[in-house]
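Reading through the structure tokens given below for one structure.
The structure presented is a predicted model; accordingly, all values stated were derived computationally and were not measured.
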Amino acid sequence: MSAPAPPRSHITQELGLAVRREGDELHGVAALTPEMWVPGTEQVRTSILATWADTVAGLLAVSVLAPRVPTTIELDVHLYDPPPGAGRIHAVARTVKVGRVVVVSTVDFTDEDGEPIGVGAGSFMAAPDPSLRIPPEALRLDAVSRPTGRLRVPFADRARCRRREPGVAELPRSEDGLNSSRTINGGLVALVAEEAALSLTPGASLASLGLRYLRPARVGPAVATADVRGGLGRVEVRDAGNDDRLAVVATTRTFGSVAR
């Protein structure tokens, strides 16, 4: 009888982001690999930068909202120029607002030479279900900030995200792609939104990606439908297994695009 396969690590941990605290800031760093590139380019996916922004900004929210589970309500990344595909990316998160309900943090991205790449921001609130609690071990930065392995296949393949047709992409719910509230991880939702938009602009990469999380994608698959005009995209992500409810609305813009 063969031994059972070892459990797979969380998809986002295979993106290689290592996080440390410096004063009131969280600093993340990760090495770029070809598996992180936008198809047809040698540039890191903007959805991966969004995932890293969600990670470092979310960890800052944990320090404020714990033991309640934080949930992302807004996330965006805006890039100055097409990002690199090699070397290291640094992300520095700072909290800019701590309200009674919402925590907001900004994120600055730089390359390994310290040159600015872009900026991001994330807004978080405690999950509405008060019974959800962060496990004690998750409150230790050293327990949640270490990468486990690395991507061995392209990011979309690892997440099992596929383009169904031009303008439509699908992401299944999987155990290795959930967040603390057992819903589809916000960074992976960014991926399916990106894939839907990029399927209409092959060979391009996103200069801007903004997401508004309306409700969690609990059942899956998460299905993203994009409409792109003049490089500006509008994307809706729906939870197909939960009465096709609208989970996320997103806006995208590709590099070199000019609004008509």
Side-chain angles (χ1 to χ4, degrees), residues 8-15 45-55 57-58 61-62 65 68-77 101-102 120-134 154-200 206 208-228 233-252:
R8 302 190 78 173
S9 59
H10 196 281
I11 296 168
T12 62
Q13 286 187 302
E14 294 178 15
L15 295 177
R45 283 180 175 271
T46 305
S47 63
I48 289 181
L49 298 179
T51 301
W52 288 338
D54 191 45
T55 298
V62 166
L65 298 172
R68 298 285 297 275
V69 172
T71 183
T72 311
I73 53 178
E74 293 186 341
L75 182 67
D76 59 80
V77 170
V101 177
V102 176
S123 300
F124 304 84
M125 63 178 290
D129 184 353
S131 68
L132 293 174
R133 288 289 187 268
I134 298 174
F155 184 37
D157 292 347
R158 175 65 181 88
R160 308 169 193 89
C161 181
R162 67 183 184 94
R163 301 179 183 184
R164 294 199 327 203
E165 59 186 86
V168 181
E170 177 180 290
L171 174 78
R173 183 185 189 276
S174 61
E175 286 296 316
D176 53 1
L178 303 182
N179 57 28
S180 299
S181 57
R182 304 289 297 168
T183 60
I184 297 177
N185 177 273
L188 299 183
V189 173
L191 168 65
V192 72
E194 178 187 52
E195 278 291 274
L198 291 182
S199 70
L200 297 173
L206 296 184
S208 180
L209 174 61
L211 304 110
R212 304 296 176 262
Y213 295 83
L214 309 179
R215 57 172 52 87
R218 298 186 181 280
V219 181
V223 178
T225 303
D227 177 41
V228 178
R234 181 170 62 183
V235 186
E236 292 186 348
V237 182
R238 294 182 178 272
D239 189 353
N242 190 18
D243 296 326
D244 212 31
R245 292 181 177 179
L246 184 62
V248 173
V249 292
T251 55
T252 66

Are the side chains of Leu191 and Arg45 in contact, using a 4.5 Å heavy-atom criterion? yes
Nearest 0.5 Å please: distance from the CD1 atom of Ile73 over to the CG atom of Leu214. 11.0 Å
Using the side-chain hydrogen bond (donor to acceptor under 3.5 Å, both in side chains) rule, collect all pairs that involve residues 238-248, keeping only residues at least two apart or in two chains. Glu236-Arg238
Closest contact, heavy atoms only, Arg158 versus Asp176: NH1-OD2, 3.0 Å
Of the non-hydrogen atoms in Leu178 and His10, which two are nearest, and what is the gap between them? O-NE2, 2.6 Å
Counting only N and O atoms by type, is there a donor-acceptor contact under 3.5 Å from the side chain of Glu74 to the main-chain atoms of Gly122? no
Side chain to side chain contact (heavy atoms under 4.5 Å, CB included) evaluation trace for Ile11 with Asn185: CA-CA 9 Å; Ile11 296 168; Asn185 177 273; over 6 Å; no
Test side chain to side chain contact (heavy atoms under 4.5 Å, CB included) applied to Leu211 and Leu209, step by step: CA-CA 7 Å; Leu211 304 110; Leu209 174 61; 3.9 Å; yes
Would you say Ile184 and Asn179 make side-chain contact, with heavy atoms under 4.5 Å? no
Looking at Arg163, Arg164, Arg160, which hits side chain to side chain donor-acceptor pair (under 3.5 Å) with Glu170? Arg164
Walk me through whether Val101 and Phe124 qualify under side chain to side chain contact (heavy atoms under 4.5 Å, CB included). CA-CA 8 Å; Val101 177; Phe124 304 84; over 6 Å; no
Under 4.5 Å between any side-chain heavy atoms of Thr225 and Val235, yes or no? no
Say whether, by atom type as modelled, one donor and one acceptor occur between the side chain of Thr46 and the main chain of Leu206 under 3.5 angstrom. yes
Distance in Å, Arg162 CZ paired with Asp157 CG, rounded so as to fall on 0.5 Å steps: 12.5 Å
Nearest non-hydrogen partners of Gly187 and Asp54, listed with the distance: N-OD2, 4.0 Å
Tell me the closest heavy-atom pair linking Ser47 and Glu194, and the distance in Å. OG-OE1, 2.5 Å
Worked verdict on Phe155 versus Thr12 for side chain to side chain contact (heavy atoms under 4.5 Å, CB included): CA-CA 9 Å; Phe155 184 37; Thr12 62; 5.7 Å; no
To the nearest 0.5 Å, atom OG of Ser9 lies from atom CD of Glu14 at 3.5 Å
Using a 3.5 Å distance criterion without hydrogens, assess whether the side chain of Arg173 forms a donor-acceptor pair with backbone atoms of Arg182. yes
Do Thr251 and Arg234 pair up side chain to side chain, a donor and an acceptor below 3.5 Å, judged on atom types alone? no
Salt-bridge test for Arg68 and Asp129: reply yes if a basic N is under 4.0 Å from a carboxylate O, no otherwise. no
Glu195 CD to Leu200 CG distance, which is reported to the nearest 0.5 Å: 11.0 Å
Taking all atoms of both residues into account, what is the closest heavy-atom pair of Ala126 and Leu65, and its distance? N-CD1, 3.8 Å
Under the 3.5 angstrom rule, does the side chain of Tyr213 hit a backbone N or O of Ala247 as a donor-acceptor pair? no
Heavy-atom pair of closest approach, residues Ala50 and Ala190: CB-CB, 4.2 Å
